[in-house]
Protein chains: 2
Amino acid sequence: MLSKKSKYAIIALIHLAKRYGDGPIMIGRIAEDENIPKKFLEGILYELKNSGIVNSHRGRSGGYYLIKKPQEVYLAQIMRLFDGPIALIPCVTYQYYEPCPECKDEKTCSIRHVFKEVRDATVEILKKATLAEMIRIEEKLIKQL
Amino acid sequence: MLSKKSKYAIIALIHLAKRYGDGPIMIGRIAEDENIPKKFLEGILYELKNSGIVNSHRGRSGGYYLIKKPQEVYLAQIMRLFDGPIALIPCVTYQYYEPCPECKDEKTCSIRHVFKEVRDATVEILKKATLAEMIRIEEKLIKQL
DNA sequence: TTAAACTATACTAAATAGATAGACTAAATA
DNA sequence: TATTTAGTCTATCTATTTAGTATAGTTTAA
């Protein structure tokens, strides 16, 4: 399951992406608009800042804003930041590789083979899902109502 | 991530599927061959029995055996049994549906839309992955060595 | 100079994961 | 029929993670 941290991060980033170029948005504003506990969101935005996706200004009329372009931030990246690997078993991750302790031979492991397929399919979808694309999808869904 | 329970269940079921029709296999045998803690595996096989995938005989020469055909047991089913829904957010599951508390409008939610795609792609792969198919994949991988 | 807003660390409650313990029941066989 | 073997079933334990709160700052614009 996607953690609340990832979910809130995605929601907050979409919020910022919709206002890309408008200057800093206050944490309290985002928290209220998006129904996210403010204190919790503070920590999330702080991590997003440390990883170079957003930036902030302090003090009065401060807030957070996106520094990457909305079409350059994709969900896979955000999820990896907060939840770690996207793969469902550690032996098919690139960045967090670990062998399965009970595995007899990784090269012939059918479980690994299937979960690698799952991982590849998932990553393909989550790399296409940029913030810009998320906004586009929402607009499309609204039109269809 | 896949839980150890699901992983061990899949391994044990593949073990039984390879010996389908050979009569009961002891828990201790499976545990030793597959490097799974025996007591832990007991509980797992017990759950698999209660959900009608395997059956068992007690006493001397007892053990577990598959009652469903290897081509009728697929990974999605095993994972749902031990780990719950395959979807990454509860608003796109069929069997465990729950609305996201922070969601403003489910019908136009782009996050939901993308994670529904992920879910569908994952389920498609995990439904094809029957025990019979897992054995076939392993054989293919061995030949390729 | 003050209040709004971010920075940083630490803490806690609840849930879950991974496993173990132990008493019990059934079946085979010597 | 006594004994051994192996599954049955419930309970417990411990460590980790998750989700969220608390507190004590520091910056900066108005």
Side-chain angles (χ1 to χ4, degrees), chain A residues 1-12 16 23-32 34-51 53-65 67 79 81-85 88-90 96 98 100-102, chain B residues 1-12 16 23-32 34-67 79 81-85 88-90 96 98 100-102:
Chain A
M1 279 279 166
L2 193 74
S3 71
K4 287 284 184 182
K5 270 197 178 174
S6 281
K7 183 93 191 285
Y8 292 159
I10 294 168
I11 293 172
L16 294 182
I25 319 276
M26 291 189 302
I27 294 179
R29 169 88 279 166
I30 303 172
E32 202 181 304
E34 307 292 349
N35 304 315
I36 302 171
K38 190 188 165 200
K39 265 288 167 191
F40 198 34
L41 183 58
E42 279 184 18
I44 291 164
L45 287 168
Y46 181 60
E47 280 192 69
L48 286 170
K49 181 181 176 177
N50 287 338
S51 61
I53 296 168
V54 301
N55 202 359
S56 64
H57 287 158
R58 303 222 267 193
R60 208 173 261 184
S61 79
Y64 279 91
Y65 54 95
I67 40 176
M79 290 170 63
L81 183 62
F82 292 101
D83 294 347
L88 294 174
I89 44 177
Y96 305 82
E98 254 182 77
C100 303
E102 72 283 354
Chain B
M1 279 278 165
L2 192 73
S3 70
K4 286 285 183 181
K5 269 196 179 176
S6 281
K7 183 93 191 286
Y8 292 159
I10 294 167
I11 293 172
L16 294 181
I25 319 276
M26 289 190 303
I27 296 179
R29 168 91 278 166
I30 303 171
E32 203 181 303
E34 307 293 350
N35 304 315
I36 302 171
K38 191 189 163 198
K39 263 290 172 191
F40 199 32
L41 184 58
E42 279 184 20
I44 292 164
L45 287 167
Y46 180 60
E47 281 192 68
L48 286 170
K49 181 181 177 178
N50 287 337
S51 61
I53 296 168
V54 301
N55 201 358
S56 62
H57 285 159
R58 304 221 267 194
R60 211 170 258 182
S61 79
Y64 278 91
Y65 55 95
L66 207 56
I67 40 175
M79 288 169 65
L81 182 62
F82 292 101
D83 293 349
L88 295 173
I89 44 177
Y96 306 82
E98 255 180 77
C100 302
E102 72 282 355

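Letters A, B, ... mirror the listed sequences (proteins, then strands); counts begin at 1.
At a threshold of 4.0 angstrom between heavy atoms, the contacts of Phe82(B) with the nucleic acid are absent. Within 4.0 Å (heavy atoms only), Gly63(B) reaches sugar-phosphate atoms of the nucleic acid but no base atom.
One interatomic measurement links the two molecules: CD1 of Ile11(A) to P of dA19(D), which rounds to 13 Å at whole-angstrom precision. Between Leu48(B) atom CG and dT8(D) atom C1' there is a gap of 15 Å when expressed in whole angstrom units. The distance from atom CD1 of Ile36(A) to atom C1' of dT21(D) is 17 Å, rounded to the nearest whole Å. The NZ atom of Lys4(A) sits 18 Å away from the P atom of dA14(C) (whole-angstrom rounding). Going from atom CE of Met26(B) over to atom P of dT8(D) covers 14 Å, rounded to whole Å. Going from atom CZ of Phe40(A) over to atom P of dT18(D) covers 10 Å, rounded to whole Å. Rounded to whole angstrom, the span from the CG atom of Asn50(B) across to the P atom of dG7(D) amounts to 15 Å. Rounded to a whole Å, the CG atom of Leu2(A) is 11 Å from the P atom of dT18(D).
Between Tyr46(B) and dC9(D) there is a side-chain N or O to OP1 or OP2 distance below 4.0 Å. In this model, the phosphate group of dA19(D) is not approached by any side-chain N or O of Tyr8(A) to a distance below 4.0 Å at OP1 or OP2. Remark: Lys49(B) is not in phosphate contact with dG7(D), judged by side-chain N or O atoms under 4.0 Å from OP1 or OP2. Residue Lys5(B) places no side-chain N or O under 4.0 Å from the OP1 or OP2 atom of dA17(C). For dT7(C), the OP1/OP2 oxygens have a side-chain nitrogen or oxygen of Tyr64(A) closer than 4.0 Å.
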Open item on the list: Within the 4.0 Å limit for protein heavy atoms, which parts of nucleotides 22-30 of chain D are touched? Write it as a string from 5' to 3', B for base, S for sugar-phosphate only, - for none.
Closed with: BB--BBBSS
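Scanning all heavy atoms of the two residues, the minimum distance from Tyr8(A) to Ile44(A) falls at CB-CD1, 3.7 Å. In terms of heavy-atom proximity, Leu41(B) sits nearest to Ile27(B) at CD2-O, 3.9 Å. Residues Asp83(B) and Ser6(B) come closest through the heavy atom pair OD2-OG, 3.0 Å. Residues Phe82(A) and Ala9(A) approach most closely at CE1-CB, 3.4 Å, considering heavy atoms. Contact detail for Leu88(B) and Met1(A): the closest heavy-atom pair is O-SD, 3.3 Å.
The structure places SG of Cys100(B) at 7.5 Å from CD1 of Ile11(A), a figure rounded to the nearest 0.5 Å. For the atom pair Ile67(B) CD1 and Leu48(B) CG, the distance stands at 10.5 Å (nearest 0.5 Å).
Taking the side chain of Ile27(A) as heavy atoms from C-beta on, and the options dA19(D), dC6(C), dG18(C), the nearest nucleotide is dC6(C). The side chain of Pro37(A) lies closest to dT21(D) when the candidates are dT7(C), dT21(D), dC9(D).
Contact of the Tyr65(A) side chain with the Asn55(A) side chain is registered, since non-hydrogen atoms from C-beta on lie closer than 4.5 Å.
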- [ ] Map every base of DNA chain C to its dot-bracket character, where paired means a Watson-Crick or G-U wobble contact with both distances under 3.5 Å and | marks a partner outside the strand.
- [x] ||||||||||||||||||||||||||||||
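Map Lys38(B) and Asp83(B) each onto its nearest nucleotide of DNA chain C; the residue landing nearer the 5' end is Asp83(B).
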